[in-house]
Protein chains: 2
Amino acid sequence: MSEPRWLDELEMAAWQGFLEASHRVARRLEQQLKDEAGLSHPQYEILVHLAAAPDGEIRMTELADRLVTSKSGLTYQVGQLERRGLVRRRACPTDVRGVFAVLTDSGRELQRRAAPGHVAAVREALIDVLDRDQLAVLAEGLGEVGRRLRRT
Amino acid sequence: MSEPRWLDELEMAAWQGFLEASHRVARRLEQQLKDEAGLSHPQYEILVHLAAAPDGEIRMTELADRLVTSKSGLTYQVGQLERRGLVRRRACPTDVRGVFAVLTDSGRELQRRAAPGHVAAVREALIDVLDRDQLAVLAEGLGEVGRRLRRT
DNA sequence: GGCATGTGGTTCAAATTCGAATTACTTGTC
DNA sequence: GACAAGTAATTCGAATTTGAACCACATGCC
């Protein structure tokens with residue numbers, strides 16, 4: 001095994017910046033959503049994805065992939081949201097095994113109410129701290145990072 | 001309450017890129033460390049911070065702040081590492097309440113053995129996907145994001 | 001058709017995480 | 001010195017997360 005290529009100063013600063021920012025932003029949003037909407041971030045993300053989907057419904061596996069979570073974790077969270085009447089399940093007509101998570105009216109309503117505060121928090125924590133060029137790097141660079149990891 | 005400032009296309013792409021990348025990178029590193037070193041990412045980070053600290057020791061609260069985790073979470077993880085002989089606790093001489101987490105020899109040894117694979121994974125997932133300008137944005141922009149959230 | 005293999009989703013147990021409460025100091029301040 | 005307020009760390013219970021095992025069905029191939 002050859003000598004590993006250690007990170008130089010810039011690379012290390014980039015990695016640490018990314019790591020700390022991701023933790024702190026996650027923490028902040030978690031708290032904001034809990035306080036203002038009574039939702040965890042994973043739960044809010046479920047509602048957002050469903051709200052954006054045609055007919056407000058997505059297959060469980062597809063949803064788990066989008067949220068970058070495990071299937072069992074999604075089963076749990078959809079169960080929580082179902083208990084609160086924000087989401088319901090619908091059997092897939094073409095595949096008996098399949099299940100759609102479907103946004104209910106109150107789910108859509110809650111997502112709408114929660115959105116402004118959430119966007120404001122995202123701006124304050126991340127977006128408004130950066131200029132347009134920096135945002136472009138996140139979009140392109142980190143977009144590519146995400147796409148690559150998706151494939152492997 | 002005024003109409004919220006929604007995210008425009010670039011801002012949305014930046015936010016989604018950041019969110020997905022942080023989840024996928026975290027997932028990848030978690031798996032790599034578990035496979036190759038038998039450590040969770042939080043555990044590895046504890047060892048790294050201790051290894052870099054004078055005398056290989058840091059106060060619990062200070063360490064929790066650096067890791068962006070809760071104090072109770074740190075208590076748990078240090079307990080796990082202690083069980084495995086990778087870390088030990090030392091009472092603080094000047095403050096009876098205080099506790100240092102101290103890296104043991106085998107802790108240092110394991111961190112050393114784990115480092116090359118970890119760095120390689122960080123490169124493959126994130127660093128080597130980006131060019132120098134993009135790395136500079138992560139370092140500066142996300143560095144600032146982290147510092148701001150630290151203060152609040 | 002019949003069978004091997006793959007896929008979708010849930011269940012389960014174990015590990016982890018958090019915050020609130022707790023214990024035991026420390027630090028002013030008078 | 002004594003007391004109020006703050007701080008360090010742990011404990012505790014509840015919620016969450018994960019992967020492995022599992023069930024039921026779908027698909028491809030002979």
Side-chain angles (χ1 to χ4, degrees), chain A residues 22-35 37-46 50 57-84 86-102, chain B residues 22-35 37-46 50 57-84 86-102:
Chain A
S22 64
H23 283 150
R24 292 202 191 273
V25 168
R27 220 153 229 280
R28 170 59 52 95
L29 293 181
E30 193 69 44
Q31 194 203 333
Q32 180 271 323
L33 282 167
K34 194 72 79 184
D35 291 349
L39 292 168
S40 67
H41 194 214
Q43 288 171 346
Y44 179 76
E45 285 294 315
I46 291 173
L50 291 178
E57 61 179 25
I58 307 179
R59 284 284 289 275
M60 292 295 281
T61 295
E62 164 69 10
L63 190 49
D65 287 343
R66 292 203 208 173
L67 298 178
V68 192
T69 190
S70 64
K71 290 195 297 179
S72 56
L74 181 64
T75 293
Y76 174 78
Q77 285 299 352
V78 166
Q80 295 298 304
L81 293 172
E82 200 170 27
R83 283 198 313 105
R84 294 171 56 180
L86 303 172
V87 163
R88 63 188 176 80
R89 287 172 211 251
R90 185 171 80 80
C92 174
T94 64
D95 185 337
V96 185
R97 300 165 305 170
V99 172
F100 284 96
V102 190
Chain B
S22 64
H23 283 152
R24 291 204 192 272
V25 168
R27 223 154 225 282
R28 170 58 53 94
L29 292 182
E30 193 69 45
Q31 194 204 331
Q32 180 270 323
L33 282 167
K34 195 71 79 186
D35 290 349
L39 292 168
S40 67
H41 194 214
Q43 289 172 345
Y44 179 76
E45 286 294 315
I46 291 173
L50 291 178
E57 61 179 24
I58 306 180
R59 285 284 288 275
M60 292 295 281
T61 295
E62 164 69 11
L63 190 49
D65 287 343
R66 292 203 207 173
L67 297 177
V68 191
T69 189
S70 64
K71 289 196 296 179
S72 56
L74 181 63
T75 293
Y76 174 78
Q77 285 298 353
V78 166
Q80 295 298 305
L81 294 172
E82 200 170 26
R83 282 198 314 105
R84 293 171 57 180
L86 303 171
V87 163
R88 62 187 178 80
R89 286 173 214 249
R90 185 170 80 79
C92 174
T94 64
D95 185 337
V96 184
R97 300 165 305 173
V99 172
F100 284 97
V102 190

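Letters A, B, ... mirror the listed sequences (proteins, then strands); counts begin at 1. From a predicted model like this one, the values you see are computed outputs, not experimental measurements.
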Find the bend of the helix from C/dG1-D/dC30 to C/dC30-D/dG1 as the angle between its two terminal axes (five pairs each), to the nearest 10°. 30°
Are the side chains of B/L86 and B/L39 in contact, using a 4.5 Å heavy-atom criterion? yes
Minimum heavy-atom separation for A/Q43 and A/G38, please, with both atom names. OE1-O, 4.3 Å
Where is the tightest heavy-atom contact between A/A91 and A/F100, given as atom of each residue plus distance? O-CD1, 4.4 Å
Taking only residues at least two apart or on different chains, which pairs with a member in residues 25-34 of chain A satisfy salt bridge (charged side-chain N to carboxylate O under 4.0 Å, His left out)? none
Hey, are the side chains of A/Q77 and A/S40 touching, using non-hydrogen atoms and a 4.5 Å cut-off? yes
Return all side-chain donor-acceptor pairs below 3.5 angstrom for residues 64-74 of chain A, not counting sequence neighbours, or 'none' if the list is empty.
from: A/R66; atom 1: NE; to: A/E62; atom 2: OE2; distance (Å): 2.8
from: A/R66; atom 1: NH2; to: A/E62; atom 2: OE2; distance (Å): 3.3
from: A/S70; atom 1: OG; to: A/G73; atom 2: N; distance (Å): 3.0

Mind checking what makes salt bridge (Lys or Arg N to Asp or Glu O under 4.0 Å) contact with B/R89, not counting sequence neighbours? B/E82
If I take atom CZ in residue A/R90 and atom C1' in nucleotide C/dG8, what distance separates them, rounded to the nearest angstrom? 16 Å
Sugar-phosphate or base contact per nucleotide [nucleotides 6-16 of chain D; S, B, -; heavy atom under 4.0 Å]: BBBBBB---SS
Just the rounded figure in Å: distance from P of C/dG9 to CD of A/E57. 12 Å
Partner residues of B/E45 under the salt bridge (Lys or Arg N to Asp or Glu O under 4.0 Å) criterion, sequence neighbours left out: none
